[in-house]
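This report refers to the structure that appears directly beneath it.
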Amino acid sequence: MSTIPDTVSGPVRLRLAPSPTGFLHIGSAFLALLDVAFAKQHRGQFILRIEDTDQKRFVAEAEEAIYDGLRWLGLEWSEGPDVGGDYGPYRQSERLPLYQAAAEELVKMGRAYYCWCSPERLDQMRREQQARKLPPKYDRLCLGKTEAERKQLPGYTERPVVRLLMPSEGQTTIDDLIRGPITIENALIQDTVILKSDGYPTYHLAAPYDDHAMRITHITRGEEWISSTPIHWQIFDAFGWEPPAIAHTPLLINADRSKISKRKHPWAKVSWFRDEGYLPEAVINYLGSLMVHVPDPNNPDPSIDRDIFGLDDIVRHFDLGRVDPSGKIVDLDKLNWLNGHSIRALEIGELIDKVRPFLETARLHVAGDPKLAPALALEQERIKRLKEAPEAVSFFFRDEDYDAKLLVPRGADANRALELLRASMQTVEEVAAGETGWKAPALEAAFRALAERLGLKTGKERGQLIGAGVMRVAVTGRTVGPPLFETMEILGADTVRRRMQAALEMLAGLASGAQRSAVR
RNA sequence: GCCGCCAUCGUCUAGAGGCCUAGGACAUCACCCUUUCAAGGUGAAGAUCGCGGGUUCGAAUCCCGCUGGCGGUACCA
């Protein structure tokens, strides 16, 4: 809200500039959300630029992964390699002549120079500097030399790079919108390569060049870039361009506070969240909680913010100047909570649609089964991630094996369990034949009456029958699950009878086989 | 090594000199509700505001120093 410099005129334009490494990094998603929030708030534009200047790192399909990730999160761009725009191309590998001309011009201006030093020589130079405890820095052997002159010296290669001539005096001050002014001595920065021998630019040339060419008004990037900003400012200065406003954002980090890596945490990839059954709105909510405070109009205490909010709220309340600069550990517990909330907020039809692919992956082919909707409705408030759904509902569709010992509830023995189950059998038959029909309320009434007759008075005692007791295990094969009577209604009388019969046989075996060790 | 960034409960944060006996959320624990599990409700525990100096009547908030963590120091981004 207070972060548009006076020098900027025209619409605000921000860009996400990921390099196509094969997946969308969660840090890129964080940046993209921040960009979108800022751009939308100022009715500006969000642009996607692919920084594919490293041929060694080429990964096929990597661009698609970036598009997929951003689209999944609902973060849309108005210009990019796929949709075009007035300032294209938006793929740096398609802008090579531009960078080459720029590098050449910098050389002509005396702000850059050719360097024919071989990687081996540079390597050796660095080793010597390290041994002498000097800061590693290019020794400017090639500076001011023609190719013919340089060729006489050792460590020469045919194909030169272009190096930026960094001033050996003065300092660069960055007016960081998040961190305030940052000052760095120019002399500490070496003559960085800006054009590689293969004709590709490095980030240090391509990024500032394109930010200017694409009329970017605000650079947002991770804090790992702070120390190379003076290099980029040199480029702007050499061409007489006004540098954009700039903000170095906090990093998403590993639990040990190091730079996040997919080695340590699979959630470095945005696609992981989709595959684990997180909802994009929950991920947006989570990332948003790391960069914005959304006030709660219903809370008289203004110091208490809302925890649940959406992209619209983020856009409305985003304030770049108030983004906290420290690194953020990804807290999956918090995300799980948010995701559970998002799942509960879904209409049942939406939930079914979203769960469908997870059912298929789990080879539970029940998408067309009429039991799916009521079963999922029961599990909806119990699952935290969509991935848990198949396991949560599978027993509605198939009889599953379980340990016979589970049929014996706490505080009872196998004979008692058998007794409870036999009596239940009769109750089930009565309800099935009764005029109220096979409905949860009828089942509940019947079983409450049965519990009374069996002397199960307290809730705990009734638990032996229905809570986590014989009936639940007999019917579902598990000790935990959704409300029993509703589960039984969905299952239908035939399935319930069949499973109870099976349980009866298992229990009979248990009771006769292990009389002596019945008490648990 | 050098340069830079960062520093409030385990985590994310509120806090812009007196409202702070440091507030909230997640996670944890207990209780309530209850047929189990959830969901929901209530409560507890959890931070000598990294440390040490200043400035001030008064500092988590301002200044200086230190420490620690991280990042950068590539023909990677």
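Every value quoted in this text rests on a predicted model; they were computed, and no experiment measured them. The sequence lines fix the lettering, A, B, ..., with proteins before strands; numbering per chain opens at 1.
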Do the rings of A:F236 and A:W233 sit parallel, tilted or perpendicular, given the 30° and 60° boundaries?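 It falls in the perpendicular class, over 60°.
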Counting any heavy atom closer than 4.0 Å, what does [X] reach on the DNA or RNA strands: base, sugar-phosphate only, or nothing?
{"X": "A:V161", "answer": "base"}
{"X": "A:P325", "answer": "sugar-phosphate"}
{"X": "A:S326", "answer": "sugar-phosphate"}
{"X": "A:T53", "answer": "sugar-phosphate"}
{"X": "A:Y200", "answer": "nothing"}
{"X": "A:P482", "answer": "base"}
{"X": "A:G327", "answer": "sugar-phosphate"}
{"X": "A:T192", "answer": "nothing"}
{"X": "A:K384", "answer": "sugar-phosphate"}
{"X": "A:R322", "answer": "base"}

Would the base of B:rC70 count as contacting A:S258 through its side chain, where contact means a donor and an acceptor less than 3.5 Å apart?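 It does not, because no donor-acceptor pair links the side chain of A:S258 to the base of B:rC70 below 3.5 Å.
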Regarding B:rC76, can its base be found pairing with the side chain of A:R57 as donor and acceptor, where the two atoms are less than 3.5 Å apart?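 Result: at least one qualifying N/O pair found.
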RNA chain B: A:S303 or A:L484, which has the more 5' nearest nucleotide?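 Between the two, 5'-proximity favours A:S303.
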Closest-nucleotide ordering on RNA chain B, the 5'-leading residue of A:K133 and A:R159: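 Looking at the nearest nucleotide for each, A:K133 comes out on the 5' side.
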Whether [X] contacts [N] is assessed here as follows: a side-chain N or O lying under 4.0 Å from the phosphate OP1 or OP2. Is that the case?
{"X": "A:K56", "N": "B:rA77", "answer": "no"}
{"X": "A:K196", "N": "B:rA77", "answer": "yes"}
{"X": "A:R382", "N": "B:rA39", "answer": "no"}
{"X": "A:K137", "N": "B:rC2", "answer": "no"}
{"X": "A:H293", "N": "B:rA14", "answer": "yes"}
{"X": "A:R126", "N": "B:rC75", "answer": "yes"}

If I pick the [atom1] atom on [M] and the same atom on [N], what distance separates them, to the nearest angstrom?
{"N": "B:rC6", "M": "B:rG46", "atom1": "C1'", "result": "24 Å"}
{"N": "B:rU36", "M": "B:rA44", "atom1": "C1'", "result": "26 Å"}
{"N": "B:rG4", "M": "B:rG65", "atom1": "P", "result": "12 Å"}

Given [options], identify the nucleotide with an atom nearest to the side chain of [X].
{"X": "A:I184", "options": "B:rG4, B:rG1, B:rA77", "value": "B:rG4"}
{"X": "A:E224", "options": "B:rC3, B:rG71, B:rU35", "value": "B:rG71"}
{"X": "A:S19", "options": "B:rU13, B:rA77, B:rC37", "value": "B:rA77"}
{"X": "A:R179", "options": "B:rG72, B:rA27, B:rC6", "value": "B:rC6"}
{"X": "A:K328", "options": "B:rC26, B:rG1, B:rU13", "value": "B:rU13"}
{"X": "A:I329", "options": "B:rC26, B:rU13, B:rU11", "value": "B:rU11"}
{"X": "A:R472", "options": "B:rU35, B:rC76, B:rC5", "value": "B:rU35"}
{"X": "A:W337", "options": "B:rU35, B:rC26, B:rA77", "value": "B:rC26"}
{"X": "A:Q190", "options": "B:rA74, B:rC37, B:rC75", "value": "B:rA74"}
{"X": "A:D305", "options": "B:rC26, B:rU73, B:rA14", "value": "B:rA14"}

Distance only, no hydrogens: is a donor on one side chain within 3.5 Å (strictly under) of an acceptor on the other, for [X] and [Y]?
{"X": "A:Y200", "Y": "A:Q92", "result": "no"}
{"X": "A:Q124", "Y": "A:E128", "result": "yes"}
{"X": "A:R410", "Y": "A:T479", "result": "no"}

Whole angstrom is fine here: how far is it from [atom1] in [X] over to [atom2] in [N]?
{"X": "A:K259", "N": "B:rC5", "atom1": "NZ", "atom2": "P", "value": "18 Å"}
{"X": "A:L332", "N": "B:rC12", "atom1": "CG", "atom2": "P", "value": "13 Å"}
{"X": "A:R257", "N": "B:rC70", "atom1": "CZ", "atom2": "P", "value": "10 Å"}
{"X": "A:H317", "N": "B:rA14", "atom1": "NE2", "atom2": "P", "value": "15 Å"}
{"X": "A:I231", "N": "B:rC76", "atom1": "CD1", "atom2": "P", "value": "13 Å"}
{"X": "A:L122", "N": "B:rC76", "atom1": "CG", "atom2": "C1'", "value": "16 Å"}
{"X": "A:L24", "N": "B:rA77", "atom1": "CG", "atom2": "C1'", "value": "15 Å"}
{"X": "A:D256", "N": "B:rG71", "atom1": "CG", "atom2": "P", "value": "8 Å"}

Tell me, do A:M471 and A:F447 make a side-chain contact under 4.5 Å, heavy atoms counted?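 Result yes, sub-4.5 Å side-chain heavy-atom pair found.
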Could you check if a side-chain atom of A:Y114 sits within less than 4.5 angstrom of a side-chain atom of A:R150, using non-hydrogen atoms only?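 Counting from C-beta outward, A:Y114 and A:R150 never come under 4.5 Å.
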Is it true that the NZ or CZ of A:R163 lies under 6.0 Å from the centre of A:Y138's six-membered ring and within 45 degrees of the ring axis?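 Ring-cation test returns yes.
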Does A:D307 come within less than 4.0 Å of A:K334, counting only side-chain N to carboxylate O?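 Salt bridge between A:D307 and A:K334, a charged N being under 4.0 Å from a carboxylate O: no.
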Sort out the partner of B:rC70 for me: Watson-Crick or G-U wobble, both distances under 3.5 Å, none otherwise.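 Per the H-bond distance test, B:rG4.
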Listed by chain and number, what are the ring pair (Phe, Tyr, Trp, His ring centres under 6.0 Å) partners of A:Y286, not counting sequence neighbours?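 By the ring pair (Phe, Tyr, Trp, His ring centres under 6.0 Å) rule, A:Y286 matches no residue at all.
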